[in-house]
Amino acid sequence: MKKIIIAPSILSADFAALKHDLKMIEESGADWVHIDVMDGHFVPNITVGPVVVKSLRKETELFFDVHLMITNPEKYWRKFKEAGADLITFHSEISAEKKKLVEDIRSSGIKAGISIKPKTPVSEIKALLPYLNLVLIMTVEPGFGGQSFMEDMIAKIKVLRKIIDENKYDCLIEVDGGINSRTASICIGAGADALVSGSYIFATENHVEVVKSLFV
Ligand code: DX5
Ligand code: ZN
């Protein structure tokens, strides 16, 4: 069985206690930390910038999965890299030249991903798959934690899985939004490699059990 990566999203953590929550993520056995960056323009919400990532970097060795929901990732991605990001994912729906951005991020020594919103088809990013480390399929409209999983995104995961397998691309599929034990198992069945989960994980104190329940 392939290893599924769990990426707790700190969007649902206690922002006054992020150091504590990073320790909790370490203890839970999760592999990555998912950091949602929002600019109030690409999405109707604002979260954190590179200074927060830099502070978190001092506290843990966990892999930093940085999800840029911003209009101009080409202007800001390097700041997040310098702050300690291990993977930078930007959105397909931006206007900058995406292949160049992927190449710039990868040649800086870290991994690059592209995310697609629910209305964006897999065909939009198909030509970039040979260059990508990861595709992040949004299973809710980006912007907020705690929304319900969009069941019709399952078909997209399956389509992408098929293309990646047929072409033997070295590219992970990550899903983000409304992931709990039920939807995690549907996504794994459809071919997801990595699961982002925010409100489901942080709603309970029993983090070890809740992270384990995502693999079932
Ligand atoms: C939403 C963010 C997600 C969010 C997921 O735009 O990209 O990472 O934290 O939260 P849940 O798991 O609560 O849907
Ligand atoms: Zn996210």
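The analysis underlying the following values was restricted to heavy atoms, covering all of them including side chains, and did not include hydrogens, waters or symmetry mates. In listed order, ligands and their atoms are each counted from 1.
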Which ligand 1 atoms does His34 reach within 4.0 Å, using its non-hydrogen atoms? 8 (O)

At less than 4.0 angstrom from any non-hydrogen atom of Asp176, what atoms of ligand 1 do you find? 2 (C), 3 (C), 4 (C), 5 (C), 7 (O), 8 (O)

Give the residue and atom name of whichever protein heavy atom lies nearest to [atom], and the separation in Å to one decimal.
{"atom": "atom 14 (O) of ligand 1", "result": "Gly178 N, 2.8 Å"}
{"atom": "atom 1 (C) of ligand 1", "result": "Phe144 O, 3.6 Å"}
{"atom": "atom 6 (O) of ligand 1", "result": "Gly143 N, 2.7 Å"}

Which of these, Ser9, Ser199, Gly198, has its nearest heavy atom closest to atom 9 (O) of ligand 1? Ser9

Checking heavy-atom distances from atom 10 (O) of ligand 1 to each of Gly145, Ala203, Ser12, Ser115, the winner is Gly145

Judged by non-hydrogen atoms, does Asp36 sit under 4.0 Å from ligand 1? yes

Are Glu82 and Arg78 close enough for a salt bridge, meaning some N to O gap below 4.0 Å? no

Shortest non-hydrogen pair, Ser9 vs Val196, comes out as CB-CG1, 3.8 Å

Please name the pair of heavy atoms, one in Leu195 and one in Ala184, separated by the smallest distance, quoted to 0.1 Å. CD1-CB, 3.7 Å

Going by the 4.0 angstrom heavy-atom rule, the piece of Tyr200 near ligand 1 is neither

Check whether any side-chain heavy atom of [X] lies under 4.5 Å from a side-chain heavy atom of [Y], and answer yes or no.
{"X": "Leu214", "Y": "Ser197", "result": "yes"}
{"X": "Ile70", "Y": "Tyr76", "result": "yes"}
{"X": "Ile137", "Y": "Leu160", "result": "yes"}

Give a rough value, rounded to 10 degrees, for the angle at the Zn ion (ligand 2) between atoms OD2 of Asp176 and OD1 of Asp36. 170°

Is it true that, when you exclude Lys117 itself, more than 12 heavy atoms of the residues, nucleotides or ligands shown sit nearer than 6.0 Å to its NZ? yes

So is there a nitrogen or oxygen of Gly146 less than 3.5 Å from a nitrogen or oxygen in ligand 1? yes

Would you mind telling me which of Arg161, Lys162, Lys168 makes a salt bridge (Lys or Arg N to Asp or Glu O under 4.0 Å) with Asp165? Arg161

